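First the structure, in the form of C-alpha cells, and then the observations on it.
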Amino acid sequence: MRAAVVRGFGEPLQIEQRPLPEPGPYQVRVRLEASGLCHTDIHAWRGDWPVKPAPPFVPGHEGVGIVDAVGPDVTRVVEGQRVAVPWLHTACGTCEHCITGWETLCESQQNSGYSVDGGYAEYSLADSRYVGLVPDGIDPVDAAPLTCAGVTTYKAVKVAGTRSSDLVAVFGVGGLGHLALQYARIAGGTVIAVDLHDDKLEMAKQLGATYTINAARQDVAEEIQKLGGADQAIATAVSPRAFEAAFASLRRGGTLSMVGLPAENQMALPIFETVLKGITVVGSIVGTRVDLAEVFELHRLGQTKVIRETRSLETVNEDFAAVESGEVTARLVFTF
Ligand SMILES: NC(=O)c1ccc[n+]([C@@H]2O[C@H](COP(=O)([O-])OP(=O)(O)OC[C@H]3O[C@@H](n4cnc5c(N)ncnc54)[C@H](O)[C@@H]3O)[C@@H](O)[C@H]2O)c1
Ligand SMILES: [Zn+2]
Ligand SMILES: [Zn+2]
C-alpha cells in the first residue's frame with residue numbers, strides 16, 4: 001500500500017510502498033476512502049510540540065473508510081462497515097478519566113498519526129472500540145474533517161456552554177474554525193469570525209457569522225468590545241497573538257476557550273484583568289466517541305456544511321505548504 005511517511009522533522013514526506021498491516025486483537029484494517037489534513041499533522045511533521053512523535057511515522061487522524069479485515073475479539077463493527085479513524089486511537093478504558101466520560105484525557109492514550117501510524121495511507125489499522133461509526137447518507141469526504149475538526153470544535157462549544165444570548169468570537173477560520181462557528185450558531189450564539197484572510201471571512205459569512213473582522217487590518221479586541229465584548233472566544237488560530245486578542249475581546253464573566261496549538265507555546269495572560277473580570281480559561285482537546293456520534297448526526301440532518309477540497313497523497317508536501325501559508329480556505333482531504 002502507498003503511505004506518506006515523515007522520515008525526519010521538517011523534511012519532505014516520502015511516498016513509500018508498505019506491506020498491508022494485519023489487524024491484532026480488537027483491531028480492524030480500514031481501506032481508506034478519505035483522509036483530512038489537519039494542522040496538527042503539520043505540527044507533528046515539524047516536531048513543534050513538547051511531546052513529539054518518533055519518525056518514521058505516517059501522519060493523519062481524519063481517516064474514513066471501509067473495514068476490510070477484522071482481528072480477533074472484534075464485536076463492535078463488521079467487515080464492509082464505514083468507520084472513522086480518529087485522533088484517539090485507544091485509551092485504557094479503566095482510569096478515572098475514561099470511566100467519567102473524559103477518555104480524551106486518558107494518560108495511557110495512543111494517538112493516530114502521532115504515536116501510531118495514521119491515515120496518510122491507503123490502509124490504516126484502528127481499534128474497533130474507538131473508531132467512529134459513520135452513518136449512511138454522509139459523504140466520506142465530509143466525514144473526514146468532521147472526525148477531528150468537527151468533533152474538536154463541537155466539544156469546545158459544548159464545554160464553553162454557549163447559550164442563545166451569547167456573542168461568540170471564533171479566532172481562526174480554517175479547518176477547525178469554519179466548523180466551530182457553525183456549532184456556535186447551532187447552540188444559538190451570534191458569531192464574530194476573525195481571520196487574516198478575506199476569503200475565509202467571506203466563507204464565514206456564508207456559513208452564518210454575523211460579524212467578520214480581519215485581524216491583519218483591524219484592532220480586533222477594540223471592534224469586539226464595541227459590540228459589548230464576547231461571552232466566549234474560541235481560539236483555533238495558530239498564533240499566540242490571536243489568543244491574546246481573544247482574551248482582550250472578552251466581556252466580564254467571559255470564557256477563553258483554547259483549542260489551537262501554536263508552535264510558540266506561550267501567551268501573555270494578564271492576571272489583574274483575569275481576576276477582576278472573572279474570566280474562565282479552558283483548554284479543550286478533541287472529543288469523545290459520543291461527541292463524534294453527535295457531530296455525524298448533526299451533519300446527517302443537514303445542519304452543518306463541510307468546506308473542503310480533495311487532493312491526492314502525491315501532493316502532500318505542496319499541500320502542507322499551502323495550509324501553512326493560509327492559502328487553503330478550509331480543509332484539504334486526500335482521497336484514494
Ligand atoms: N485542541 C484540539 O484538540 C485540536 C484538534 C485539532 C487541531 N488543533 C489545533 O488547532 C489549530 C488549528 O488547526 P486547523 O486545522 O484549523 O488549522 P488551519 O490552518 O486550517 O486554520 C488556522 C487558521 O488560523 C488563522 N490565523 C492564523 N493567525 C491568525 C491570527 N493572528 N488571527 C486570526 N486568525 C489567524 C489562519 O489564517 C487559518 O485560517 C492547530 O494548531 C491544530 O494543531 C487542536
Ligand atoms: Zn486534528
Ligand atoms: Zn484511561
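For this chain, numbers begin at 1 and follow the sequence in order. All ligand and atom numbering here is 1-based and tracks the order in the structure. In this text, all values refer to a predicted model and were calculated from it rather than measured experimentally.
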Judged by heavy atoms only, the candidate from Thr236, Ile42, Thr152, Leu201 nearest atom 22 (C) of ligand 1 is Thr236
I'd like to know if the side chain of Lys200 and the backbone of Thr329 have a donor-acceptor N/O pair within less than 3.5 Å.
yes
Provide the protein N, O or S atoms situated under 2.8 Å from the Zn ion (ligand 2); waters are not included.
Cys38 SG, His61 NE2, Cys148 SG
Heavy atom of the protein closest to atom 20 (O) of ligand 1 (residue, atom name, distance)
Gly175 N, 2.9 Å
Determine, considering heavy atoms only, which of Glu244, His178, Glu62, His39 sits nearest to atom 17 (O) of ligand 1.
His39
Short N/O distance, under 3.5 Å, between Arg241 and ligand 1?
no
Any nitrogen or oxygen of Gly177, main chain or side chain, under 3.5 Å from a nitrogen or oxygen of ligand 1?
no
Contact between Met1 and Pro21 at the side-chain level, heavy atoms closer than 4.5 Å - yes or no?
yes
Shell of protein N/O/S atoms around the Zn ion (ligand 3), taken as anything under 2.8 Å
Cys92 SG, Cys95 SG, Cys98 SG, Cys106 SG
Asp117 vs Leu125, test: side chain to side chain contact (heavy atoms under 4.5 Å, CB included). Steps then yes/no.
CA-CA 8 Å; Asp117 284 340; Leu125 284 183; over 6 Å; no
Hey, quick one: are Val141 and Ile66 part of the same hydrophobic cluster, counting side-chain heavy atoms closer than 4.5 Å, chains of contacts allowed?
no
Looking at Ser257, Ser325, Ala237, Gly260, the heavy atom closest to atom 26 (N) of ligand 1 belongs to Ala237
Under a 3.5 Å distance rule, please check whether Trp45 uses its side chain to pair with a backbone N or O of Glu11 as donor and acceptor.
yes
N or O pair under 3.5 Å between Cys148 and ligand 1
no
Heavy-atom contact under 4.0 Å between Ser284 and ligand 1?
yes
Find all atoms of ligand 1 within a distance of less than 4.0 Å from any non-hydrogen atom belonging to Ser239, and give their numbers and elements.
28 (N), 31 (N)
Which of these, Asp195, Ile213, Val238, has its nearest heavy atom closest to atom 38 (C) of ligand 1?
Asp195
Do we see a donor-acceptor contact under 3.5 Å between the side chains of Thr304 and Gln182?
no
Atom NE2 of His178 and atom CG of Leu207: how far apart are they, to the nearest 0.5 Å?
6.5 Å
Heavy atom of the protein closest to atom 43 (O) of ligand 1 (residue, atom name, distance):
Thr40 OG1, 2.8 Å
Would you say ligand 1 has an N or O under 3.5 Å from any N or O of Trp49?
no
Under 3.5 Å between some N or O of ligand 1 and some N or O of Val286?
yes
List the steps, then state whether side chain to side chain donor-acceptor pair (under 3.5 Å) holds for Ser115 with Gln110.
CA-CA 6 Å; Ser115 62; Gln110 298 289 328; 2.9 Å; yes
Suppose we screen for ring pair (Phe, Tyr, Trp, His ring centres under 6.0 Å). Which residues come up paired with Phe296, at least two apart in sequence or across chains?
none
Could you tell me whether Lys155 and Asp291 have a side-chain N and a carboxylate O separated by less than 4.0 Å?
yes
Taking distance alone, with no angle check, do Leu37 and ligand 1 share an N/O pair under 3.5 Å?
no
So is there a nitrogen or oxygen of Leu176 less than 3.5 Å from a nitrogen or oxygen in ligand 1?
yes
Atom pair CH2/CD1 of Trp102 and Ile285 - distance to nearest 0.5 Å:
11.0 Å
Do Asp48 and Arg46 sit within salt-bridge range, that is, some charged N less than 4.0 Å from a carboxylate O?
no
Of the listed options (Asp41, Thr104, Leu261, Val170), which comes nearest to atom 9 (C) of ligand 1 when hydrogens are ignored and any heavy atom counts?
Leu261
Atoms of ligand 1, numbered as shown, that sit under 4.0 Å from any heavy atom of Val173:
39 (O)
A student checking ligand 1 against Gly172 at a 4.0 Å heavy-atom cut-off should list atoms 23 (C), 24 (O), 25 (C), 34 (N)
In the protein, which heavy atom is nearest to atom 29 (C) of ligand 1, and how far is it?
Leu196 CD1, 3.6 Å
Any atom of ligand 1 sitting under 4.0 Å from a heavy atom of Cys38?
yes
Find all atoms of ligand 1 within a distance of less than 4.0 Å from any non-hydrogen atom belonging to Val323, and give their numbers and elements.
19 (O)
Which word best sums up how the rings of Trp87 and His61 line up, parallel for under 30°, tilted for 30 to 60°, or perpendicular for over 60°?
perpendicular
Between Arg129 and Asp73, does at least one N-O distance fall below 4.0 Å, as a salt bridge requires?
no
Are Arg331 and ligand 1 in contact, using a heavy-atom cut-off of under 4.0 Å?
yes
Charged N to carboxylate O below 4.0 Å: is that the case for Arg241 and Glu264?
yes
From Glu122, Glu79, Glu22, residue fulfilling salt bridge (charged side-chain N to carboxylate O under 4.0 Å, His left out) relative to Arg29:
Glu22
Can you list the ligand 1 atoms lying under 4.0 Å from a non-hydrogen atom of His197?
37 (O)
May I ask you to decide whether Glu62 forms a salt bridge with Arg308, counting only side-chain N to carboxylate O separations under 4.0 Å?
no
Protein heavy-atom partner closest to atom 30 (C) of ligand 1 - residue, atom, separation in Å
Ala242 CB, 3.7 Å
In the protein, which heavy atom is nearest to atom 44 (C) of ligand 1, and how far is it?
Val259 O, 3.0 Å
Can you name the side-chain hydrogen bond (donor to acceptor under 3.5 Å, both in side chains) partners of Glu309, sequence neighbours left out?
Arg311
Out of curiosity, is His43 lining ligand 1, as in a heavy atom under 4.0 Å away?
yes
